Structure formats: structure tokens, C-alpha cells
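Computed over heavy atoms, backbone and side chain alike; hydrogens, waters and symmetry mates excluded. Predicted model only: the values in this text are computed from it and were never measured.
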Amino acid sequence: MPTAPRPLPPHGFMLNLFKPGTYMYISSTPHLPFVSEEIAIYGPKAHQRIISKLNSGLGPLFYHERQITLEPLPETMLNEGEVSPVPDLILYDNETRQTPIIIEVCHTEGLKKDLKKVVQLTNEDNYGILESFVYDYTARQWFRYRKGDESVISASSFSEVLQLDLNEFL
């Protein structure tokens with residue numbers, strides 16, 4: 001029985017021979033000829049600016065003032081030993097090797113997806129997440145989900161783990 005023809009890849013892409021069913025972007029940059037679509041990062045300036053402000057506010061509290069015990073790390077894998085989600089900012093406990101807090105930054109169109117993502121990651125029990133935050137930079141609104149909150153998301157920027165209002169850094 002004949003098989004249906006494969007759809008042609010979008011312009012500027014080619015089939016990824018290493019991972020069937022996916023495409024690779026053909027870059028016009030000579031030193032990066034092939035870039036997998038899976039490593040593409042959504043990073044508008046407004047999005048990155050919020051991550052930068054949070055990191056530059058929390059960083060000194062960890063590195064210099066020692067007021068918090070969790071290290072802020074932007075765009076860091078939750079599990080370095082395998083492919084894992086990469087939240088916009090994690091707060092990592094170097095002693096327990098757990099990530100008690102994750103923060104996602106989004107625009108209003110991505111809010112529903114990011115809320116679902118943080119609830120799922122927090123409920124999974126894989127990374128030690130106790131609190132998850134999503135900041136919608138378009139609406140300038142925070143959302144918090146805490147482990148054990150039965151999927152109830154509150155409009156709050158206050159971290160009970162850190163005893164800090166994250167909105168102070170914006």
C-alpha cells in the first residue's frame with residue numbers, strides 16, 4: 001500500500017535526519033549552519049528585561065548580602081542530567097540540589113499555557129518545587145501557585161519561601 005507523501009519543510013528548513021518528524025533551520029550565519037527548532041528561544045526584549053530585573057534584584061541578596069539561601073539562575077535546566085524544562089528563572093538550593101521556586105515570564109497570549117506548565121511542574125514532585133510564579137508583563141500581573149494548593153492559582157507576587165515580594169524587583 002503506498003504511503004502518503006511527506007509534506008515539504010517550511011522555507012529555510014530541512015528535515016532533521018537525527019530526529020524524524022522534526023525540521024532543522026538552515027541558518028544564514030556561516031558558523032551556525034544548522035540550528036534545531038527545539039533549541040529556539042522565545043525572547044523579546046520586554047520578556048528578557050523582566051528576567052534581568054528579577055535576577056539583578058535577587059542576585060545580590062544571594063551572592064553579597066546572604067539574605068536568601070536560594071541562588072537565582074536564569075534560563076537553567078531543572079535537571080542537568082537529562083533533557084528537562086527550562087523556566088525563565090529558577091531559585092536553586094545548592095545544598096539540597098532542589099529548585100523550590102520557578103518563575104515564568106509571559107505576555108497575555110501565553111499566560112494560560114505558562115500557568116498550566118507551572119502547576120504541572122509543581123505537582124510532579126520531580127524537582128522539589130514549592131512555589132511557582134508567572135508574571136504577565138503585558139498586564140503587569142503576577143500569579144502564584146504553591147504546592148498543595150489544589151490547582152488554585154492566586155494573584156500574588158509574595159513568596160512565602162523567600163519572605164519577599166518579587167514585584168519589588170520590577
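- Expressed to the nearest 0.5 Å, how far CD1 of I90 lies from OG1 of T76 amounts to 4.5 Å.
- In this structure the side chain of V134 reaches within 4.5 angstrom of the side chain of C106, judged on heavy atoms.
- A donor-acceptor pair under 3.5 Å is absent between the side-chain atoms of Q141 and the main chain of A155, judged by distance alone.
- Shortest non-hydrogen contact noted between V152 and Y145 is O-CD1, 3.5 Å.
- With hydrogens and angles disregarded, a donor-acceptor distance shorter than 3.5 Å links the side chain of S56 to the backbone of S52.
- Taken to the nearest 0.5 Å, the CG atom of D88 stands 4.5 Å off from the CD atom of E104.
- Ring planes of Y137 and H47: perpendicular class, angle over 60° (limits at 30 and 60°).
- The side-chain heavy atoms of F62 and Q67, taken from C-beta on, include no pair separated by under 4.5 Å.
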Problem set entry | Verdict with supporting geometry, L170 and Y135, side chain to side chain contact (heavy atoms under 4.5 Å, CB included) | CA-CA 11 Å; L170 306 182; Y135 181 70; 3.5 Å; yes
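- Note that CD1 of I102 is 5.0 Å distant from OG1 of T122, once rounded to the nearest 0.5 Å.
- Other residues, nucleotides and ligands place no more than 12 heavy atoms under 6.0 Å from the CD atom of E80.
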For this session: Walk me through it: do V161 and L91 pass the test side chain to side chain contact (heavy atoms under 4.5 Å, CB included)?
Result: CA-CA 10 Å; V161 172; L91 284 114; over 6 Å; no
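- Counting heavy atoms from C-beta on, the side chains of Q98 and Y92 never come closer than 4.5 Å.
- Each of M77 and I103 belongs to its own hydrophobic cluster when Ile, Leu, Val, Met, Phe, Trp and Tyr are linked at side-chain heavy-atom distances under 4.5 angstrom.
- L130 is connected to L115 through a chain of hydrophobic side-chain contacts under 4.5 Å among Ile, Leu, Val, Met, Phe, Trp and Tyr, so both are in one cluster.
- Between the K53 side chain and the F169 main chain, no donor and acceptor come within less than 3.5 Å of each other.
- Closest approach of H107 and T138 over heavy atoms only: CB-OG1, 3.3 Å.
- In terms of heavy-atom proximity, L70 sits nearest to P100 at CD2-CG, 3.8 Å.
- With rounding to the nearest 0.5 angstrom, the CH2 atom of W142 is 6.5 Å from the CG atom of N167.
- Considering all non-hydrogen atoms of both residues, P74 and I51 come closest at CB-CG2, 3.9 Å.
- Here I153 contributes atom CD1 and F133 contributes atom CZ; the two are 12.0 Å apart, rounded to the nearest 0.5 Å.
- Within a 6.0 Å radius of NZ in K112, no more than 12 heavy atoms belonging to other residues, nucleotides or ligands are found.
- The side-chain heavy atoms of L58 and L162, taken from C-beta on, include a pair separated by under 4.5 Å.
- Hydrophobic clustering, with ILVMFWY side chains joined whenever heavy atoms are under 4.5 angstrom apart, keeps I50 apart from F158.
- The closest donor-acceptor contact from the side chain of R140 to the backbone of D136 lies at 3.5 Å or more, if one exists at all.
- If you chain together hydrophobic residues whose side chains sit under 4.5 Å apart, Y63 and I68 fall into the same group.
- Looking only at side-chain heavy atoms (C-beta outward), P87 and L78 come within less than 4.5 Å of each other.
- Once rounded to the nearest 0.5 Å, the distance linking CD1 of I101 with CZ of R146 reads 12.0 Å.
- Annotation: E95, atom CD; neighbour count of heavy atoms from other residues, nucleotides and ligands within 6.0 Å does not exceed 12.
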